[in-house]
Structure formats: C-alpha cells, structure tokens
Q: 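Dropping the structure in here first, questions after.
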Amino acid sequence: MSAAPGASAASITPVVVRLKLSLLRNGLRQSAGRRAAYVLSVVLVLFLAALQLIGLIALRGNEHAATVAVPLVTVLALGWAVMPLFFPGGDETLDPTRLVMLPLRPQPLVRALLAASLVGIGPLFTLCLLAGSVISLAHGTAAYVTAVVALALALLVCVALARAVAAANIRLLSSRKGRDLAVLSGLVVAVGVQLVNFGVQRLGSTGGLSTLDPAVEVLRWVPPASAIGAVDSVSDGSYGSGIAQLALCAGALVGLLTLWSRHLTRLMTSPDGSTLQAAEPTGRERGSSGLARLLPAGRTGTVMERSLRYVWRDPKTKAAWVTSLAIGLIVPVFNALQGTGTVYFACFAAGMLGIQMYNQFGQDTSAFWMVAMTISSTRDAYVELRGRALALLVITLPYATLVTVLTTALLDSWWQLPAVLGLSFALLGAMLATGAWSSARFPYSIPQEGYKNVAPGQAGLAWIAIFGGMVSAALLAAPVIALTIWLNVSADGERWSWLLLPVGAGYGALITLLGLRLAAPRTARRLPEILAAVSKG
C-alpha cells in the first residue's frame with residue numbers, strides 16, 4: 001500500500017500516535033505481570049511527580065526558587081539526552097528504522113514522531129516538574145503568559161533532544177556491541193547517587209543554596225533551562241532578557257528538529273550492514289591470544305580464559321562487573337573524601353567483586369551444556385571451579401589492593417593498611433568458598449535479552465544464593481573479623497596489626513580451597529539439575 005499523493009502531516013500524526021497507543025495496549029495484554037508492573041510504575045511515577053510538584057510550588061516566593069528550578073530542569077534535560085544511550089530498548093515503538101520501508105517524508109515523520117513521543121510516563125513526569133518550576137517563579141500576568149510558552153518549549157526540547165540522540169546513534173544502539181553501552185548505566189547511577197550525596201553535604205557545610213547562584217546565572221541561558229529562566233526574568237521585570245531566553249530555547253528546538261530530520265533522512269536513504277557485502281578477511285589467522293599465553297596450561301588456563309572473555313564480551317556479565325567495580329570504589333573513596341568514613345570501608349571492594357562468584361554456571365546460560373559434557377568426575381568439577389575462582393582473583397586481588405591503598409592514603413591511616421588488606425583477603429576467600437558451593441546448590445538462569453537478571457520463577461533461588469551466601473561468608477570470616485576487632489581495642493594492637501595481613505591472606509586461601517573441595521562433588525552429582533536450572537528462560 002502506498003501513501004496517497006500529497007498526504008499531509010496532519011494525516012500522519014494521528015496514525016502514528018494511535019500506533020503508539022495500540023502497541024502499548026497490546027503489550028500490556030500479553031501478561032498480567034506486565035500489566036501489574038506497568039500500573040505500579042505509573043503509580044510510583046505519579047506519586048514522585050506529585051511530591052516534586054508540591055515541593056516546587058511550596059518554593060513560590062522564596063528567594064532561592066530559581067536556584068532550585070533552573071538546575072533541576074538542566075538535570076532533567078541531561079537525563080533525556082543520555083537515556084536513549086543507556087536504555088536503547090526502552091521505547092521500541094519509536095525506532096525510526098522500523099519505518100524505513102514506508103513512503104514517508106522526513107519532515108512530516110518528525111512531527112508525527114514528536115507527537116507520539118509525548119505519550120508516556122516520562123513526558124508526564126517531565127511535565128509535572130516543569131509545571132512546578134514555572135509556577136514557583138511566575139509572578140504577574142506577563143510571567144504567567146511566559147510560563148505557558150516556556151512550559152511547552154522546555155518539554156518539546158527535552159523530547160526532541162532524546163529523539164535526536166537516539167536517531168544519531170540508532171545504528172549503533174541496535175547492534176550487539178552498541179547494546180553494551182547499557183552496562184554504563186550502573187556506573188552512571190552509582191556515580192550519580194554519590195555525587196548528589198556529596199554535593200548535598202557540601203552545600204550544607206558551605207552556606208547553603210546561595211553557593212549555586214553563580215552556576216545558575218550561567219545555566220539560565222542554556223536551553224531548555226533558559227525557558228525557566230525567562231519566567232524568572234519576566235517576573236522581575238526584565239522583559240528583554242526573558243524574550244532572549246525564550247528565543248534561545250526556541251532556537252534550540254528548531255536546531256534539534258533539523259538535526260533529527262537529517263538523521264532520519266540518512267537512516268532512510270543510506271545502506272546499512274545488511275545491504276553491504278561483507279568484507280573479505282585479510283591477513284593471516286590469529287593464533288593464540290596474548291591472554292592465553294599468560295595463563296596456566298591445561299584446563300585451568302582454558303577455564304580462566306573463558307571466564308575472562310565472558311567479563312569482556314557478554315553484556316550481562318560485563319554489566320555486573322562494571323557496577324561492582326564502580327560501587328566498590330565509590331563507597332570507600334567518597335566517604336573518605338567527605339571525612340565521614342573509615343578505612344575498613346575499603347573491604348567493600350572485595351565484597352562487591354566476591355559476589356561475582358555466586359551463580360557461576362548461570363552466567364553460561366544454555367551454553368553450560370558444553371561445559372557439562374567435559375565434567376565426568378569430581379576432579380573435573382574441582383578444576384572447573386578452581387579456574388573460575390582464579391579468573392576472578394586475577395581482577396579482584398589487584399583491584400581490592402588498589403582501593404585499600406587509595407582509601408588509606410585519603411584518610412592518612414597507613415598503619416591500618418595491613419589490617420584492612422588482611423581482612424579484605426579473608427572476606428574474599430570466604431565469598432569464593434560460599435560462592436562455589438552456592439553455584440552448585442542454587443543455580444539460576446540469567447536471561448540474555450532485556451534487563452532482567454533472573455528468569456521468571458527463580459527469584460527465590462537468587463535471593464537464597466546471594467544473600468544466604470553473603471551471610472555464610474561473614475560467618476566464615478568471623479575469626480579474622482574477631483581478631484581485627486580485638487587488635488583495634490587492644491592497647492598494643494597497633495604494634496601487632498601487621499600480622500593481620502599474612503593471617504588474613506592465609507586464612508582466605510585456606511577457606512577458598514576448602515570451599516572448592518566441598519563444592520566439587522556436589523557439582524559433579526548435580527550436573528543435570530544445574531543444566532536444567534541455568535537453561536530456563
């Protein structure tokens with residue numbers, strides 16, 4: 001079917017909006033669980049939006065209202081810009097590549113997709129925050145008129161910014177390697193939370209919101225925050241500044257729409273990898289990799305190489321490692337920078353990476369059957385588990401040491417360095433031991449598609465495996481923990497604290513070997529059950 005000649009943009013927009021609503025409705029019909037999750041998310045977002053709206057309205061008349069509203073809108077726009085990169089599958093209905101075969105022109109399509117983009121929870125939440133921001137700043141008839149225009153411009157800029165970023169990167173985001181960008185979301189969230197916490201504490205100790213005034217003076221001229229700044233300017237009687245700020249926001253909207261249109265044109269007229277002939281391989285075949293040459297020979301080295309390649313190549317495994325590495329560094333370092341932490345927070349690094357030992361076979365998903373075929377005895381199972389533990393130690397030992405040294409340097413507590421390192425190594429050994437046993441006793445599947453880390457029906461197994469294992473690890477490390485506490489309260493503890501390093505390292509190595517020995521026979525016996533569990537979903 002071809003489009004009628006001279007079809008107007010007005011005839012395209014309602015069709016695309018109805019298509020968006022139909023796809024949303026049909027998606028919710030697939031299962032009761034999806035409907036419940038969607039309704040719960042809507043209720044939660046509306047609740048948070050209502051709280052934000054009430055809080056912003058309460059700032060009306062406050063001298064720091066603009067200091068809150070302008071940065072808030074800037075952060076909101078930044079969120080719209082980066083969300084398509086971290087969650088490329090979050091709105092599949094607006095993927096422009098799905099419309100390539102249709103006889104549509106870019107300009108009408110831009111307007112239609114822009115209207116469809118305004119349908120959803122995100123735009124509703126944004127609308128509430130923008131409405132609260134302009135209400136908190138508007139005083140007088142001229143300001144209210146400006147607020148209406150500013151509200152529409154700011155919302156359209158946010159949506160157009162997200163669509164332009166998505167269109168510019170859609171080829172990358174729709175590829176396997178491009179989806180790996182989603183692993184950065186954990187890092188960004190972890191860093192963002194700590195930065196906000198750090199910033200709030202700094203504001204409380206340096207004079208409050210007034211310290212943000214110089215930054216606000218700059219941000220109020222940056223779209224879409226300039227639209228909010230226009231409301232404040234008109235309320236103060238600066239009509240010229242208000243008009244200029246609105247013009248900046250309108251210009252940004254036109255620029256984004258133009259950029260979006262150009263990317264759509266390129267997407268609909270340029271060939272992609274599916275239409276180009278595959279490049280012929282050049283050069284000689286690669287032999288053994290440099291990584292393989294550095295690892296032990298035999299099955300141990302093979303298992304280590306496979307595990308390390310999973311960390312580098314598998315999106316879900318990479319996401320878990322990136323998040324653990326980021327949080328393991330952020331928690332001790334940020335607390336040390338704020339002067340509120342203790343050097344023992346450095347143990348958080350070993351603890352976060354030790355979690356990666358849990359559900360080792362679930363990380364292989366259905367490919368575990370190839371590993372299972374090579375395990376015919378308890379010895380084979382032991383070597384398999386040992387290789388996986390050694391692969392984890394290749395990353396964890398230097399990382400935990402680096403975080404501990406950095407935290408110790410920030411707090412200037414060098415005399416505690418051996419004690420913290422010893423405790424970290426003991427805790428890591430306990431987690432490796434319990435992780436090996438838990439992987440054999442409570443395996444569960446990790447879906448390859450989407451953002452779920454547990455297959456439906458296996459959430460209970462995941463909770464038991466991870467949290468039960470962590471409690472068991474804490475109990476196993478109790479002797480070293482008790483010795484650390486005793487030396488810290490003892491009068492001569494500082495002189496003998498260096499003993500905790502060899503004691504903790506030796507105890508961690510011993511408990512790891514014991515855990516692997518105990519987990520190996522269970523792994524060999526339960527291979528069919530493990531394979532069935534990790535292949536589910």
Side-chain angles (χ1 to χ4, degrees), residues 176 288-289 291-292 295-321 353-396 431-450 452-466 468-469 472 512-537:
R176 172 66 180 270
S288 299
S289 65
L291 176 63
L295 299 176
R299 177 167 186 150
T300 299
T302 302
V303 174
M304 292 179 66
E305 183 178 5
R306 184 207 321 137
S307 299
L308 293 173
R309 288 190 184 278
Y310 276 164
V311 174
W312 181 251
R313 293 182 177 180
D314 181 63
K316 286 296 180 71
T317 305
K318 185 188 295 186
W321 274 90
L353 296 190
I355 294 176
Q356 304 306 318
M357 187 63 187
Y358 294 89
N359 196 36
Q360 276 291 308
F361 307 128
Q363 297 176 7
D364 297 355
T365 61
S366 58
F368 178 68
W369 72 270
M370 293 186 292
V371 177
M373 291 178 63
T374 67
I375 299 177
S376 58
S377 64
T378 299
R379 174 64 183 175
D380 291 338
Y382 172 74
V383 176
E384 176 72 24
L385 289 170
R386 184 181 64 186
R388 293 173 183 252
L390 288 174
L392 189 145
L393 288 173
V394 167
I395 302 175
T396 304
M431 297 192 76
L432 292 178
T434 57
W437 186 87
S438 178
S439 295
R441 181 64 182 85
F442 302 108
Y444 57 91
S445 177
I446 302 176
Q448 290 299 292
E449 299 298 329
K452 293 182 179 180
N453 291 319
V454 182
Q458 293 185 328
L461 285 175
W463 283 92
I464 294 173
I466 296 177
S472 301
T512 298
L513 292 175
L514 181 60
L516 296 176
R517 291 288 184 185
L518 293 176
R522 180 176 291 273
T523 302
R525 289 195 308 267
R526 299 191 73 248
L527 279 178
E529 292 88 344
I530 295 173
L531 181 58
V534 302
S535 301
K536 181 178 180 181

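Just so it is clear, the values below take in all heavy atoms, side chains as well, and ignore hydrogens, waters and symmetry mates.
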Q: Verify the distance criterion only: is there a donor paired with an acceptor across the side chains of S439 and R388 at less than 3.5 Å?
A: no
Q: When you measure from the side chain of R386 to the backbone of L516, do you find a donor-acceptor pair of N or O atoms at a distance under 3.5 Å?
A: no
Q: Could you go step by step and tell me if L518 and R522 meet the side chain to side chain contact (heavy atoms under 4.5 Å, CB included) rule?
A: CA-CA 7 Å; L518 293 176; R522 180 176 291 273; over 6 Å; no
Q: To the nearest 0.5 Å, how far apart are OG1 in T300 and OH in Y382?
A: 8.5 Å
Q: Could you tell me the separation between the CG atom of L390 and the CG atom of L308, rounded to the nearest 0.5 Å?
A: 10.0 Å
Q: Can you check side chain to side chain contact (heavy atoms under 4.5 Å, CB included) on L432 and L393, steps first, answer last?
A: CA-CA 9 Å; L432 292 178; L393 288 173; 3.6 Å; yes
Q: I need the W321 CH2 to W312 CH2 distance, nearest 0.5 Å.
A: 13.5 Å
Q: Can you measure from CD1 (I530) to CG (N359) and round to the nearest 0.5 angstrom?
A: 10.0 Å
Q: Does E384 form a side chain to side chain contact (heavy atoms under 4.5 Å, CB included) with V371? I'd like the steps, not just the answer.
A: CA-CA 9 Å; E384 176 72 24; V371 177; 3.6 Å; yes
Q: Within a strict 4.5 Å, meaning less than it, do heavy atoms of the R306 and R309 side chains meet?
A: no
Q: Just verifying a value: how many Å separate F368 CZ and Q360 CD, rounded to the nearest 0.5 Å?
A: 10.5 Å
Q: Evaluate side chain to side chain contact (heavy atoms under 4.5 Å, CB included) for T396 paired with Q356, printing each intermediate quantity in order.
A: CA-CA 10 Å; T396 304; Q356 304 306 318; over 6 Å; no
Q: So which heavy atom on G515 is nearest to which on A433, and how close?
A: CA-CB, 3.7 Å
Q: Any side-chain heavy-atom pair from S377 and D380 closer than 4.5 angstrom?
A: yes
Q: On a heavy-atom basis, which atom in A440 and which in T523 lie closest, and how many Å separate them?
A: CB-OG1, 3.2 Å
Q: With rounding to the nearest 0.5 Å, note down the distance linking CG in L392 to CE in M304.
A: 10.0 Å
Q: Looking only at heavy atoms, what is the nearest atom pair of A391 and S307, with distance?
A: CB-CB, 3.7 Å
Q: Could you tell me if the side chain of L527 sits less than 4.5 Å from the side chain of F361, heavy atoms only?
A: no
Q: Compare every heavy atom of Y310 with every heavy atom of T317, then report the nearest pair and how far apart it is.
A: CB-O, 3.6 Å
